[in-house]
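Encoded as structure tokens, the structure appears first; notes follow it.
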Amino acid sequence: LTVALDQLQVLNKKNVDTERLAAIGQLSSVIAHEIRNPLGLIDLYAKLTEDHLGKLDLGPEQGEKKDLLLKNLSLIRQATGSLETILSELTNYSRPLQLNALPTDIHQLVHDVCDFYQPSYQEKDVKLRIFESEESETLLLDGDKIRQALINLLKNALEASEPGSQVSVRIVHRSNDPHLYIKVSDQ
């Protein structure tokens, strides 16, 4: 009778956990749907603006400003794409994590994330420096997951930094270690 009671308690706990995960999954889907609509509009209008701006024929001085605006619009579209990925993961919360490993230039990925976050650093008067080797290195990895982790690290480092300080990002190879490390250091 004691064994049966223990088994019943274990089954009850599993049932409660399953119901909780289902409720979280359902809530996540509703939230994701509500966020996806304005996010889609942001991406659409950024694309339309990018297209219209690309068609403008401007002089050399205005051409530099146009290039900067096109770069900023591209960064907005990358950010909406990253948010869309996060929303997809949120709706798949109750399912096991799946990695989408593709050949990725790790140096380019780190550079892109740092470029994306650079305006936030400039606004707070914190210097963001990247230390890397000259060679490019293509690795099989899930770029979206690495990008998401690096953005979180850069955000945390910025929040911990005082104006005038520096945050450094290093891509590190250690001798006799097959792994590659991305190291973010703040004050």
Side-chain angles (χ1 to χ4, degrees), residues 31-32 35-90 100 102-139 141-174 179-187:
I31 292 170
I35 293 172
R36 271 195 174 109
N37 290 334
L39 187 61
L41 286 174
I42 292 169
D43 186 56
L44 173 66
Y45 283 109
K47 173 147 180 44
L48 291 173
T49 304
E50 203 175 42
D51 291 345
H52 290 301
L53 191 59
K55 293 176 185 174
L56 292 179
D57 186 24
L58 304 172
E61 185 177 305
Q62 298 298 322
E64 288 179 20
K65 292 178 183 176
K66 175 183 165 183
D67 291 342
L68 179 61
L69 289 172
L70 285 170
K71 180 181 177 189
N72 289 344
L73 288 166
S74 174
L75 291 173
I76 289 170
R77 297 203 61 222
Q78 285 178 19
T80 58
S82 293
L83 288 172
E84 180 62 40
T85 300
I86 292 168
L87 289 174
S88 294
E89 290 174 2
L90 185 62
N100 184 22
L102 298 169
T104 305
D105 182 337
I106 191 68
H107 296 276
Q108 186 63 50
L109 185 143
V110 168
H111 244 294
D112 289 347
V113 171
C114 289
D115 285 348
F116 173 76
Y117 224 79
Q118 190 68 256
S120 298
Y121 274 75
Q122 290 171 344
E123 186 176 311
K124 193 171 174 182
D125 190 31
V126 175
K127 188 169 186 170
L128 178 60
R129 294 194 57 198
I130 305 169
F131 298 92
E132 60 181 331
S133 63
E134 295 293 321
E135 62 200 55
S136 98
E137 188 157 6
T138 301
L139 304 171
L141 53 86
D142 188 327
D144 289 335
K145 300 284 187 292
I146 299 294
R147 184 175 289 107
Q148 189 178 347
L150 186 54
I151 285 173
N152 287 334
L153 290 171
L154 289 175
K155 180 178 180 278
N156 292 343
L158 180 61
E159 289 173 359
S161 297
E162 297 294 325
S165 63
Q166 175 178 299
V167 171
S168 63
V169 179
R170 297 180 192 276
I171 298 174
V172 179
H173 295 271
R174 296 182 180 150
H179 299 96
L180 178 128
Y181 300 88
I182 301 172
K183 181 177 179 182
V184 177
S185 304
D186 59 37
Q187 60 190 24

Rounded to the nearest 0.5 Å, what separation is found between the [atom1] atom of [X] and the [atom2] atom of [Y]?
X      : Y      : atom1 : atom2 : result
Asp186 : Glu159 : CG    : CD    : 10.5 Å
Leu75  : Leu70  : CG    : CG    : 11.0 Å
Arg77  : Leu44  : CZ    : CG    : 8.5 Å
Leu102 : Thr138 : CG    : OG1   : 12.0 Å
Gln148 : Ile146 : CD    : CD1   : 10.0 Å
Leu69  : Ser74  : CG    : OG    : 12.5 Å

May I ask you to decide if [Y]'s main-chain N or O and [X]'s side chain share a donor-acceptor pair within less than 3.5 Å?
X      : Y      : answer
Thr49  : Tyr45  : yes
Lys124 : Leu158 : yes
Glu137 : Asp105 : no

Heavy-atom closest contact ([X] atom, [Y] atom, distance):
X      : Y      : result
Tyr121 : Leu154 : OH-O, 2.7 Å
Leu128 : Cys114 : CD2-O, 3.8 Å
Ala46  : Ile76  : CB-CG2, 4.0 Å

Side chains of [X] and [Y]: does their closest heavy-atom pair fall under 4.5 Å?
X      : Y      : answer
Leu139 : Thr104 : no
Ile151 : Phe116 : yes
Lys183 : Val169 : no
Leu39  : Glu84  : yes
Glu64  : Leu68  : no
Ile171 : His107 : yes
Val126 : Gln166 : no
Leu150 : Tyr117 : no

*Is a side-chain donor-acceptor pair under 3.5 Å present for Asp112 with Gln108?*
yes
*Just do the side-chain contact (heavy atoms from CB on, under 4.5 Å) check on Arg129 and Val167 with the steps written out, would you?*
CA-CA 6 Å; Arg129 294 194 57 198; Val167 171; over 6 Å; no
*Just do the side-chain contact (heavy atoms from CB on, under 4.5 Å) check on Ser82 and Arg147 with the steps written out, would you?*
CA-CA 9 Å; Ser82 293; Arg147 184 175 289 107; 3.9 Å; yes
*Please lay out, stage by stage, how Ile182 and Ile106 fare under the test side-chain contact (heavy atoms from CB on, under 4.5 Å).*
CA-CA 9 Å; Ile182 301 172; Ile106 191 68; 3.8 Å; yes
*Evaluate whether atom NZ of Lys66 has more than 12 neighbouring non-hydrogen atoms of other residues, nucleotides or ligands under 6.0 angstrom away.*
yes
_Within 6.0 angstrom of Glu123 CD, more than 12 heavy atoms from elsewhere_ = no
*Test log, rule side-chain contact (heavy atoms from CB on, under 4.5 Å), inputs Asn100 and Asp144*: CA-CA 8 Å; Asn100 184 22; Asp144 289 335; 5.5 Å; no
*Is the closest basic N to carboxylate O distance between Lys55 and Asp51 below 4.0 Å?*
no
